[in-house]
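Values reported hereafter were calculated over all heavy atoms of this structure, with side chains retained and with hydrogens, waters and symmetry mates removed. All figures in this text were calculated on a predicted structure; none of them were measured in a lab. Letters A, B, ... mirror the listed sequences (proteins, then strands); counts begin at 1.
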Protein chains: 2
Amino acid sequence: MSRIPEAVMRRLPRYYRHLDSLEKKDIIRVSSKQLGESLRMTASQIRHDLNFFGGFGQQGYGYNVTELKQKLVHILGIDIIRNVIIVGAGNIGNALARYGSFENEGFKLLAIFDNDEKLIGTKIRNILIHDSEELVQYIKDNKIDIVVLTIPGKFAQQIAYISQQAGAGAIWNFAPVDVTLEGIEVENIHLTDSLMTLSFRLACEEKGGC
Amino acid sequence: MSRIPEAVMRRLPRYYRHLDSLEKKDIIRVSSKQLGESLRMTASQIRHDLNFFGGFGQQGYGYNVTELKQKLVHILGIDIIRNVIIVGAGNIGNALARYGSFENEGFKLLAIFDNDEKLIGTKIRNILIHDSEELVQYIKDNKIDIVVLTIPGKFAQQIAYISQQAGAGAIWNFAPVDVTLEGIEVENIHLTDSLMTLSFRLACEEKGGC
DNA sequence: TAGATTGTTAATCGATTAACAATC
DNA sequence: TAGATTGTTAATCGATTAACAATC
């Protein structure tokens, strides 16, 4: 399989989401033209993207919705259960822990870590909050695929590093710093950056374009 | 000013964040080479990006940290206070409402809306939760720059639409659907999509690359 | 002045779109 | 078969990087 461009990879979950919604509406087949109209992109791009993974369609017919969705499930690896832990039981950590719908996509929350003694030992939605001191040992003892960082920025890089050393497979970072590590998958979510792009665009509009 | 490419715009908050941290360390000057090393990008790209907005540096010297940061503050428009409301007082809405640090960047949360009678009239961090019925009137009566949508997907497009009609300037959407509207700035945050890219990358690794 | 580093243009690289033969 | 639509290659477009004259 040829190396998948980053841009293509980032569109895959959107394809998956849309196919899932078509399937729920009992739609059996869909063409790249129809997909393009719904997703506001060119039919050409959709066919081009999907063909990195193989020819899933049929000339003159299009794509079978359920079949294509299943292919995407497999490509995205969401048919594999992934063990997840959250480090930081603050606002965002709490929200993610309570947000049930990740479980539907194969992500299983095993534990939460915090260093606040008032929180240690309590639970969020049946999930125990452990002492951060136990983090390394916990990762070593359990196969942890994804470590979610919802801690202050100043701790993020270091906790990411020790999580990697302990054997974690990926970091999902919500701290407002860029976590950079070699040899582990990292996804940075920068909510403030995103909000700033709205601020920028509003300011541009007010200036009459830029 | 020539039209700013999307890719450039998305890098601006990162520049701002880094300059802010340099300033806090009392660093006076910085070269594009140094910035490139810290941010893991080419010096060329940084100079190229900044020059869309003007020549902020000095040959043989580099950039003055405070001055460049101030330019970025102005470019990003975070020197303008933006009025924000949150629609949906669930997990994510709650977390965003409690997350104080947006206020540092010029975003002011005025109100929260929900349709759960048990929540209406209560407060999160001093911010009153209003009945969703009042949303349109509230936007009409107050200059609302940004409407944050932390509601189920099925309501997102419609609430975005009526918010626009009522006069809102931008939508920050956390519902797992793509809100598409003409004539209003929209930023979609798809947490599940982001998590799926980690799943994809882990699956790729396990397959030995793709 | 000499050294450093910018601003800016040109070259390269990658991603998107168009086109169309293949084929269901 | 005729019409539709894919898979795939070629053309276009945009973004990144390299190069270097300008200049502090």
Can you check whether B:S32 has a side-chain N or O nearer than 4.0 Å to OP1 or OP2 of C:dT6? yes
In whole angstrom, give the distance that lies between atom CD of A:Q45 and atom P of D:dA11. 20 Å
Rounded to whole angstroms, how far apart are CD on B:Q58 and C1' on C:dG3? 15 Å
Phosphate OP1/OP2 of C:dT16 contacted by A:T42 side-chain N/O (<4.0 Å): no
Verify whether one side chain among A:D141 and A:Q137 offers a donor that lies under 3.5 Å from an acceptor in the other. yes
Any Lys/Arg nitrogen of B:E205 or B:R201 sitting under 4.0 Å from an Asp/Glu carboxylate oxygen of the other? no
Provide, to the nearest angstrom, the distance between the CD1 atom belonging to B:I46 and the C1' atom belonging to C:dT5. 13 Å
Tell me: CD of B:Q59 to C1' of D:dC20, nearest whole Å? 12 Å
B:L39 has an atom CG; how far is it from atom P of D:dT16, in whole Å? 14 Å
Closer than 3.5 angstrom, by distance alone: can the side chain of A:N142 be matched with the main-chain N or O of A:I144 as a donor-acceptor pair? no
Thinking salt bridges, do B:K143 and B:D145 make one under a 4.0 Å N-O criterion? yes
Touch check for B:S44, heavy atoms < 4.0 angstrom, all strands: base, sugar-phosphate only, or nothing? base
Short side-chain N/O contact from A:R11 to OP1 or OP2 of C:dA15, under 4.0 Å: no
Whole angstroms only, please: what is the CZ-C1' distance between A:F56 and D:dT6? 13 Å
Under-4.0 Å side-chain N/O to phosphate OP1/OP2 contact, A:R47 with D:dG7: no
Go through C:dT9, C:dT6, C:dT16 for me and flag the one nearest to the B:H48 side chain. C:dT9
Its dot-bracket string being built from Watson-Crick and G-U pairs below 3.5 Å, with | for another strand and [ ] for crossing, DNA chain D has the pattern ..||||||||||||||||||||||
Just N and O in the side chain of A:Y63: are any of them under 4.0 Å from OP1 or OP2 of C:dC24? no
State whether B:K71 and B:E67 are salt-bridged, where the test is any N-O pair (Lys NZ or Arg NE/NH1/NH2 against Asp/Glu carboxylate O) under 4.0 Å. no
Nearest-nucleotide pick for B:N51, side chain only, options being D:dT16, D:dT8, C:dT8: C:dT8
So, B:E206 and A:R82, do they make that salt bridge, N to O below 4.0 Å? yes
Calculate the interatomic distance between A:F52 atom CZ and D:dT8 atom C1'; express it in whole Å. 11 Å
Separation of atom CD1 in A:I4 from atom C1' in C:dA15, rounded to whole Å: 14 Å
Ion pair check, B:D193 and A:R14, cut-off under 4.0 Å: no
